[in-house]
Number of protein chains: 2
Amino acid sequence: MHTSLVLEKEKNLKIVRQVLTAYLDEKGQRKTPERYAILEEIYATDHHFNVDDLHFKMRSKNFRVSRATIYNNLDLLIDAKLIRKHQFDKGMAHYEKSYFDRQHDHVILTKTGEVLEFCDPRIQHIKKTIEEVFDINIESHSLYFYGTRQRKMDVDKKIT
Amino acid sequence: MHTSLVLEKEKNLKIVRQVLTAYLDEKGQRKTPERYAILEEIYATDHHFNVDDLHFKMRSKNFRVSRATIYNNLDLLIDAKLIRKHQFDKGMAHYEKSYFDRQHDHVILTKTGEVLEFCDPRIQHIKKTIEEVFDINIESHSLYFYGTRQRKMDVDKKIT
DNA sequence: ATAACTGCAAATCATTTGCAGATCT
DNA sequence: AGATCTGCAAATGATTTGCAGTTAT
């Protein structure tokens, strides 16, 4: 990895640690090593993850945390706006770090489980219309597209 | 209720019964009374429902079905395109009849649990764009807006 | 000192499953 | 008759919870 990217990552880690500290101070909650370890593990990598992924990675680095503590602290990090939670289908929830990214939506490739991100302003336009039509306040939305890679076979089919 | 609406409902019931029969014939599956009773209960009312709602309603009409059978047959009805399933959050899944309605999306009012439906063509436009950008095939999507009714209080706040 | 936190194991809740007996075809 | 269904109860899997012991403040 390029040196500047490493430095960038460290700077970001420092920032999110401070965000967490500020949050815990404000809420009068304790600054436990587990909380920082979980946050750092999340911000050290770039992918979506689930509770088991995180638990396994921390354990393999010899940091002992229980799944219960991870669950508890993921809720805390959500409240601190440091991560977002997704329920792609039934089964385990997925999470992603959120502090440096802007709001986006997802495509789930159902064959591989891959997750793609996109940002389309038209969703905000739809949202605005819905708010007006129903006279409501929309606080959040969830939008997922489910699909598969366009394979050669499919292209052939089209020609036929 | 107006007589023509009652007649309309009966006509529709007849249609969906036939659709189910055709499906079961095609798949070589058995025409059990439970299957028709579940279908009819669903098409007799106009709201979203969950497994417990349905179970309770059928039992209170003295039709004994197990929850397991309901689960099994809801999957079957989904496959027959007679109903759709929604996972609004964690917790119980919701279902809705689908045969006479066209595809639509939902607004969930988080305070009351109310569900509103809407149809906005711009989602299809977004879908098309995403398919082109990522070179994928999108098979389905799920879009939910979460919000609350605009209450008088909120309006007052705005003025302040 | 003491309220908050962690880790474990047990509890929960929606859904699924195994299987014995019932029932469509 | 024979394969498919149903109903029950037990199993599952993700998440939550109760609680005793630990730790940050």
Side-chain angles (χ1 to χ4, degrees), chain A residues 17 20-41 48-80 83-95 113, chain B residues 17 20-41 48-80 83-95 113:
Chain A
R17 261 190 240 112
L20 177 56
T21 301
Y23 174 87
L24 293 172
D25 280 340
E26 193 208 309
K27 296 270 177 172
Q29 310 203 156
R30 280 162 41 181
K31 300 175 194 69
T32 65
E34 287 80 4
R35 286 175 176 169
Y36 288 93
I38 290 169
L39 180 71
E40 289 176 20
E41 189 60 54
H48 285 244
F49 61 93
N50 63 36
V51 170
D52 277 354
D53 295 338
L54 191 56
H55 190 235
F56 179 79
K57 282 213 300 186
M58 296 185 76
R59 294 223 146 207
S60 54
K61 290 180 183 175
N62 292 314
F63 192 102
R64 300 185 83 264
V65 231
S66 71
R67 235 176 282 269
T69 299
I70 292 182
Y71 275 110
N72 286 335
N73 287 315
L74 288 179
D75 286 345
L76 183 150
L77 294 177
I78 290 167
D79 195 56
I83 62 174
R84 289 192 208 98
K85 181 178 184 171
H86 296 285
Q87 193 73 48
F88 290 150
D89 38 38
K90 79 292 217 116
M92 270 191 213
H94 288 232
Y95 300 83
Chain B
R17 260 191 242 110
L20 178 57
T21 301
Y23 174 86
L24 293 172
D25 280 340
E26 193 208 310
K27 296 269 179 174
Q29 309 202 158
R30 281 162 41 182
K31 302 178 193 67
T32 65
E34 287 81 3
R35 288 177 174 165
Y36 288 94
I38 291 169
L39 179 72
E40 288 176 23
E41 189 59 54
H48 284 244
F49 62 93
N50 62 38
V51 170
D52 277 355
D53 296 337
L54 190 57
H55 190 234
F56 179 78
K57 282 212 300 188
M58 295 184 76
R59 293 223 147 207
S60 54
K61 290 180 183 174
N62 292 316
F63 192 101
R64 300 185 83 265
V65 230
S66 71
R67 235 177 281 268
T69 299
I70 292 182
Y71 275 110
N72 286 336
N73 286 316
L74 288 179
D75 286 344
L76 182 148
L77 294 176
I78 290 167
D79 194 55
I83 62 173
R84 288 191 209 100
K85 180 178 186 173
H86 296 287
Q87 193 73 49
F88 290 151
D89 39 38
K90 77 289 209 124
M92 271 189 213
H94 288 233
Y95 300 83

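Quick note on labels: first sequence line is chain A, next is B, and so on, each numbered from 1.
Looking at B:Asp25 and B:Lys31, their side chains come closer than 4.5 Å, going by heavy atoms from C-beta outward. For the pair B:Leu76 and B:Lys27, the minimum side-chain heavy-atom distance is 4.5 Å or more. Between A:Thr32 and A:Leu24, the closest side-chain pair of non-hydrogen atoms is not below 4.5 Å. When side chains are defined from C-beta on, A:Arg35 does not count as touching A:Tyr23, because their heavy atoms never get closer than 4.5 Å.
Under a 3.5 Å cut-off, the side chain of A:His55 and the backbone N or O of A:Val65 do form a donor-acceptor pair.
The side chain of A:Arg35 has C:dC5 as its nearest neighbour among D:dG7, C:dC5, D:dC5.
Closest non-hydrogen pair, B:Phe63 versus B:Glu34, comes out as CZ-CA, 4.0 Å. Residues B:Thr69 and B:Ile38 share a closest heavy-atom pair of O-CD1, 4.2 Å.
Here the C1' atom of nucleotide C:dG7 and the CD1 atom of A:Ile38 are 12 Å apart, to the nearest Å. Rounded to a whole Å, the CD1 atom of A:Ile70 is 13 Å from the C1' atom of D:dT15. B:Lys31 places its NZ atom 9 Å from the C1' atom of C:dC24, with the value rounded to the nearest Å. One atom, CD of B:Gln29, and another, C1' of D:dT6, lie 14 Å apart when rounded to the nearest Å. Summarising the geometry, the separation between CZ on A:Phe63 and P on C:dT6 is reported as 9 Å, rounded to the nearest angstrom. The distance from atom CG of A:Asn73 to atom P of C:dC5 is 9 Å, rounded to the nearest whole Å. Rounded to an integer number of Å, the gap from A:Leu24 CG to D:dT25 P is 9 Å. In this structure, A:Leu54 atom CG and D:dT15 atom P are separated by 13 Å, rounded to whole Å.
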*Classify every nucleotide of nucleotides 8-22 of chain C by which part a protein heavy atom approaches to under 4.0 Å, writing B for the base, S for the sugar-phosphate alone and - for neither, in 5'-to-3' order.*
B-----SBBB-----
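The shortest distance between the side-chain N/O atoms of A:Thr69 and the OP1/OP2 oxygens of C:dG7 is below 4.0 Å. Within the structure, a side-chain polar atom (N or O) of A:Thr32 is placed less than 4.0 Å from OP1 or OP2 of C:dT6.
Residue B:Asn50 is classed as having no contact, given no heavy-atom separation below 4.0 Å to the nucleic acid.
Checked options A:Arg59, A:Arg67, A:Lys57; the residue passing with A:Asp52 is A:Arg67 (criterion: salt bridge (Lys or Arg N to Asp or Glu O under 4.0 Å)). Of the listed residues (A:Val51, A:Asp53, A:Leu54), just one forms a side chain to side chain contact (heavy atoms under 4.5 Å, CB included) with A:Tyr95, and that residue is A:Val51.
One end of the helix from C:dA1-D:dT25 to C:dT25-D:dA1 points its axis 20° away from the other end's axis, with each axis taken from 5 pairs and the angle rounded to 10°.
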